[in-house]
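First the structure, in the form of structure tokens, and then the observations on it.
Below, read A as the first sequence line, B as the second, and so on, with proteins coming before strands; counting in each chain starts at 1. Just the heavy atoms: all of them, side chains too, but no hydrogens, waters or symmetry mates, feed the values below.
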Protein chains: 2
Amino acid sequence: MSVGIRHDDLRRRNRAMVISAVRRAGQPSRTEIAATTGLSHSTISAISSDLIAEGILAESKPGETGALKRGRPQVGLGLNPEAAAVMTVVLSLNFLSVAVIDYAGQVVAEEQRRLDTLTMPRDELIGECTAIVRRRLEDPDLDVQSIARIAMGIQGITDSQARAMLWSPITPLTDIAFADILEAEFGIPATMENDCNMMAVALQWRQPERYRDDFIAILLSHGIGMGLVLKGELFTGTHSSGGEFGHMIHRPGGALCRCGRRGCVEAYAGNYAIWRNASMMSEDAEPVDVGDADMRALAARARETDGPEREAYRKAGEALGFGLGSLFALIDPAPVAMVGVSAAAFDLIEPALREAIAQTAGGQHSKSISFDTEPNELPLIREGCAMRALGFVDQEIFAPGIQARSGKHVA
Amino acid sequence: MSVGIRHDDLRRRNRAMVISAVRRAGQPSRTEIAATTGLSHSTISAISSDLIAEGILAESKPGETGALKRGRPQVGLGLNPEAAAVMTVVLSLNFLSVAVIDYAGQVVAEEQRRLDTLTMPRDELIGECTAIVRRRLEDPDLDVQSIARIAMGIQGITDSQARAMLWSPITPLTDIAFADILEAEFGIPATMENDCNMMAVALQWRQPERYRDDFIAILLSHGIGMGLVLKGELFTGTHSSGGEFGHMIHRPGGALCRCGRRGCVEAYAGNYAIWRNASMMSEDAEPVDVGDADMRALAARARETDGPEREAYRKAGEALGFGLGSLFALIDPAPVAMVGVSAAAFDLIEPALREAIAQTAGGQHSKSISFDTEPNELPLIREGCAMRALGFVDQEIFAPGIQARSGKHVA
DNA sequence: CAGTATTTTTTCGAGGCTCGAAAAAATAGA
DNA sequence: TCTATTTTTTCGAGCCTCGAAAAAATACTG
């Protein structure tokens with residue numbers, strides 16, 4: 001149940017608001033912050049001098065601001081990069097990567113590693129993750145004190161509390177509470193995020209004009225995933241990370257999906273499905289892993305001649321189109337970003353997709369729906385994890401006073 | 001962009017919180033309110049004495065409370081029925097009904113009227129609505145001053161701002177800004193709500209244990225509609241009321257839907273679709289209106305013998321099941337309430353529905369998904385409109401100080 | 001029936017917070 | 001050097017919430 005606002009919440013929230021305004025704007029002056037937050041100049045002055053004294057914000061050197069106007073020049077406020085740092089851990093198929101990001105969002109350290117996620121036993125997989133984190137933490141160049149958060153991203157389904165991986169295509173293992181494991185191991189608050197959700201978060205930061213309040217990020221890769229932002233907020237299911245667009249039903253009883261069921265969108269539009277159709281294999285054939293290079297070659301063949309390859313992409317487009325149509329029936333149309341290796345073949349997918357969506361109620365204005373493509377998902381996922389972790393730091397760590405009342409983490 | 005909290009917002013929000021706690025609990029004592037809101041006893045004491053002085057709350061007569069305990073007895077606080085009143089206007093197929101509801105939620109006046117919505121020209125339809133509202137307002141028994149809000153509900157799509165009907169099956173007319181029309185005519189703030197959303201709001205009040213944070217209300221009637229509550233909040237689309245579950249795609253290119261497209265869930269599960277299938281008509285046959293009595297007779301025949309009638313309900317169940325499966329893939333499973341005349345035939349629908357949902361990713365725990373039925377949607381819609389209107393009064397009218405900063409209504 | 005225990009509600013002073021107005025600071029132009 | 005202009009800080013006023021203590025209202029007890 002919602003709860004009253006106590007007097008001490010006031011400062012906490014307004015501090016968080018100032019920090020978030022600075023993170024968004026980069027180098028805003030106090031006057032600009034007052035304008036965007038709606039708070040008075042006096043309040044902004046008080047809060048920002050507190051934040052500067054605490055080393056969270058820093059005034060930028062004079063002369064850095066651009067065109068000089070008459071009057072006292074504005075002093076830009078920026079995030080102090082040394083105020084804190086966060087760590088991102090991204091686990092994808094056969095690949096593990098970590099990065100340390102300073103409070104201003106700059107990457108200060110990185111490590112990547114290949115491993116065989118599909119066959120790894122549970123302990124080993126967890127061990128690899130904790131080991132790589134530990135290596136970064138033990139780096140003598142790093143001030144360990146400053147790591148305030150870890151955000152881990154993974155392909156697959158996570159729980160809505162962002163504590164655990166429930167299911168993932170990269171491993172047969174299920175229900176690994178990575179967030180709890182990392183917290184127990186390192187004593188640093190951690191969350192376990194869904195990869196597509198992080199893509200959406202990253203897009204929101206990268207292109208705020210285009211992706212702000214309502215948009216959809218769809219991962220076109222081995223599987224089909226989705227990150228959904230509605231009314232400016234990341235959408236999650238009631239129990240899990242939700243948004244399993246790839247497992248909406250396209251054709252009841254249809255093609256065999258990697259999830260073991262039939263007729264899912266993914267069973268027509270996932271890499272393995274496109275490959276299966278392009279190879280004229282049965283729709284009942286077991287899904288197989290297809291490498292990115294093979295997919296690129298497949299797309300090239302499809303562009304060359306009008307054969308089964310092209311037809312396979314057409315079928316993918318149709319499935320995505322009807323799926324989006326159903327989605328749009330629920331949430332109304334919104335801009336879409338297509339991410340992942342098959343996004344590079346969106347030219348092959350788009351015609352059938354638009355044709356399908358035009359046949360649905362949600363596609364009423366299908367011509368006005370914009371599609372963006374971004375073939376490389378990993379940088380987006382990393383960036384999203386970083387921004388998410390920093391957001392937590394902004395909100396929780398640097399907003400003092402009473403702890404969030406329904407907080408999950410013990411102090 | 002989110003905005004800072006100003007000092008005067010504090011009282012406003014906490015007042016709203018107290019009012020809402022009273023509305024929810026009925027006759028809570030100050031101590032109970034303090035417990036549910038998390039505010040201190042002093043604060044609750046101060047706010048409630050203000051609210052009593054303003055005539056918004058009233059202390060209940062002593063002796064009304066139940067079991068006597070030791071110590072000073074609790075004094076129950078209740079909403080003062082005379083503090084305000086709201087009006088609901090529900091427009092459905094060939095039927096218009098209004099009600100006046102006092103601040104405590106009791107119906108104090110009603111009027112209903114048959115009319116031919118399908119053939120009525122625009123001016124006449126609007127005229128009927130304003131006329132019936134005017135008749136109620138001019139009732140000498142009614143203190144017009146006290147009507148603080150009008151909530152109008154209609155079958156069909158409304159805009160996400162709750163200002164206008166965009167499309168409705170009850171009339172060929174489109175884009176009628178009923179909220180603006182009523183406001184201009186009577187000078188009373190008004191909203192135009194989607195019928196299924198109001199069903200959901202009503203269920204939330206009627207059965208808070210069952211329907212609280214996440215649930216789905218599905219209207220099984222001529223058309224198929226949905227009201228969705230996620231994380232305790234009514235879900236709407238980005239532009240429209242959204243949640244057009246009936247127009248998710250069940251079978252691409254399939255049966256002809258009333259919306260003119262093909263393969264929508266509604267084209268298999270709407271009354272007209274069940275009728276069409278039961279009559280062994282082509283799936284391309286034009287949708288026709290079927291009366292409730294005819295539908296009840298159809299259900300009776302389906303229960304009697306295993307013929308095309310039963311098969312028609314089976315197909316409806318299948319479409320609903322796959323649709324729900326797709327929906328659950330996005331939002332995770334949640335309790336469902338089936339409302340409307342075909343909810344009375346849910347026994348015929350349920351087996352196929354469960355079978356279908358079990359074949360989807362969203363139906364993983366299909367046995368644990370609960371279905372409730374309620375054959376009569378109109379009372380729910382009315383109740384939802386009433387609660388919604390009262391909620392606005394609670395939040396806006398009785399929370400003084402600065403107006404909501406992005407308010408739509410001029411003071 | 002008076003006194004005690006118990007629970008609810010109010011009162012009161014302290015401490016915070018935001019705000020508006022005015023002052024101070026810092027610069028460009030004249 | 002002086003003036004106009006813009007940004008930032010300072011300061012007192014006005015609210016708000018809180019905790020502690022007091023007051024109020026009742027049941028129990030002998």
Side-chain angles (χ1 to χ4, degrees), chain A residues 3-18 22 27-53 57 59-77 399-402 405, chain B residues 3-18 22 25 27-53 57-77 399-402 405:
Chain A
V3 90
I5 302 180
R6 307 173 53 142
H7 205 209
D8 18 2
D9 293 348
L10 206 64
R11 228 328 152 59
R12 226 190 61 239
R13 295 207 197 190
N14 285 342
R15 278 171 64 106
M17 194 118 291
V18 169
V22 174
Q27 291 278 328
S29 69
R30 292 165 174 82
T31 308
E32 284 175 62
I33 299 174
T36 60
T37 59
L39 298 170
S40 74
H41 289 192
S42 356
T43 302
I44 299 302
S45 180
I47 291 179
S48 47
S49 87
D50 280 3
L51 291 174
I52 290 171
L57 299 186
E59 294 193 341
S60 60
K61 309 293 166 287
E64 290 179 19
T65 42
L68 288 180
K69 289 173 306 185
R70 201 163 186 176
R72 180 171 174 174
Q74 303 189 348
V75 180
L77 293 179
I402 48 173
R405 267 176 264 175
Chain B
V3 89
I5 302 179
R6 307 174 50 141
H7 206 206
D8 19 2
D9 292 348
L10 206 65
R11 231 322 153 60
R12 225 190 63 236
R13 295 206 198 190
N14 284 343
R15 278 171 65 107
M17 193 118 293
V18 169
V22 174
Q27 291 277 325
S29 70
R30 291 166 174 80
T31 308
E32 285 175 62
I33 298 174
T36 61
T37 59
L39 298 171
S40 74
H41 289 194
S42 357
T43 302
I44 299 302
S45 180
I47 292 179
S48 47
S49 87
D50 280 2
L51 291 173
I52 290 171
L57 299 185
E59 293 193 343
S60 59
K61 309 292 164 289
E64 290 179 18
T65 42
L68 287 180
K69 291 173 305 186
R70 202 167 186 174
R72 178 171 173 175
Q74 302 189 347
V75 181
L77 293 179
I402 48 172
R405 266 176 265 174

| query | Closest approach of B:Ile44 and B:Arg30, non-hydrogen atoms and distance? | reply | CG2-O, 3.7 Å
| message | Can you list everything that forms a ring-ring contact (aromatic ring centres under 6.0 Å, His included) with A:His7? Sequence neighbours excluded, please. | response | B:His7
| field | Residues in side-chain hydrogen bond (donor to acceptor under 3.5 Å, both in side chains) contact with B:Ser29, at least two apart in sequence or another chain | value | B:Gln74
| query | Do any pairs count as a salt bridge (Lys or Arg N to Asp or Glu O under 4.0 Å) and have a residue in residues 36-49 of chain B, sequence neighbours left out, and if so which ones? | reply | none
| task | Kindly point out which of C:dT10, D:dT8, D:dA25 is positioned nearest to the side chain of B:Pro73? | result | D:dA25
| note | To the nearest angstrom, the CG-P distance between B:Asp50 and D:dC15 comes to 12 Å
| remark: Separation of C:dG15 atom P from A:Arg11 atom CZ, nearest Å, is 17 Å
| message | Please classify the nucleic acid contact of B:Ser45 as base, sugar-phosphate, or nothing, using heavy-atom distances under 4.0 Å. | response | base
| query | CD of B:Gln27 versus P of C:dT8: gap in Å, rounded? | reply | 16 Å
| For A:Ser40, what residues pass the side-chain hydrogen bond (donor to acceptor under 3.5 Å, both in side chains) criterion, not counting sequence neighbours? | A:Ser42, A:Thr43
| said: Using a 3.5 Å distance criterion without hydrogens, assess whether the side chain of B:Thr37 forms a donor-acceptor pair with backbone atoms of B:Ile33. | reply: yes
| message | Distance check needed: D:dT8 C1' versus A:Ile33 CD1, whole Å only. | response | 12 Å
| remark: Side-chain atoms of B:Arg30 come closest, of C:dC19, D:dT17, C:dT10, to C:dT10
| message | Using only atom types and a distance under 3.5 Å, with no angle test, would you say the side chain of B:Ser60 pairs donor to acceptor with the backbone of B:Leu77? | response | no
| query | Do any side-chain nitrogens or oxygens of B:Thr31 fall under 4.0 Å of OP1 or OP2 in C:dT9? | reply | yes
| How many Å lie between CG on A:Asp9 and P on C:dG15, as a whole number? | 20 Å
Measure all distances between protein nitrogen or oxygen atoms and nitrogen or oxygen atoms of nucleotides 2-5 of chain C, and list the pairs falling under 3.5 Å.
unit_1: C:dA5; atom_1: O4'; unit_2: B:Arg70; atom_2: NH2; d: 3.4

| Whole angstrom value for the distance that separates P of C:dT9 from CD1 of B:Ile47 | 15 Å
| What residues form a side chain to side chain contact (heavy atoms under 4.5 Å, CB included) with A:Ala16, not counting sequence neighbours? | A:Gln395
| remark: So CD1 of A:Ile47 and CG of A:Asn14: to nearest 0.5 Å the spacing works out to 5.0 Å
| request: Could you tell me the separation between the CD1 atom of A:Ile5 and the C1' atom of D:dC15, rounded to a whole number of Å? | output: 15 Å
Measure all distances between protein nitrogen or oxygen atoms and nitrogen or oxygen atoms of nucleotides 20-24 of chain C, and list the pairs falling under 3.5 Å.
unit_1: C:dG20; atom_1: N7; unit_2: A:Ser42; atom_2: OG; d: 3.1
unit_1: C:dG20; atom_1: O6; unit_2: A:Ser42; atom_2: OG; d: 2.8

| message | Tell me whether the side-chain N/O atoms of A:Asn14 come closer than 4.0 Å to OP1 or OP2 in C:dC17. | response | no
| How would you list, by chain and number, every residue that makes a salt bridge (Lys or Arg N to Asp or Glu O under 4.0 Å) with A:Arg13, sequence neighbours excluded? | none
| task | Could you name each residue pair satisfying salt bridge (Lys or Arg N to Asp or Glu O under 4.0 Å) that touches residues 31-50 of chain A, not counting sequence neighbours? | result | A:Arg11-A:Asp50
| request: Considering only NZ, NE, NH1 and NH2 on the basic side and carboxylate oxygens on the acidic side, decide whether B:Asp9 and B:Arg12 come within less than 4.0 Å. | output: yes
| field | Nearest-angstrom distance from the residue atom CZ of B:Arg15 to P of D:dT17 | value | 11 Å
| task | Work out how much the helix from C:dC1-D:dG30 to C:dA30-D:dT1 bends between its end axes, five pairs an end, to the nearest 10 degrees. | result | 20°
| Whichever of A:Ile44 and A:His7 has its nearest DNA chain C nucleotide further upstream toward 5' | A:His7
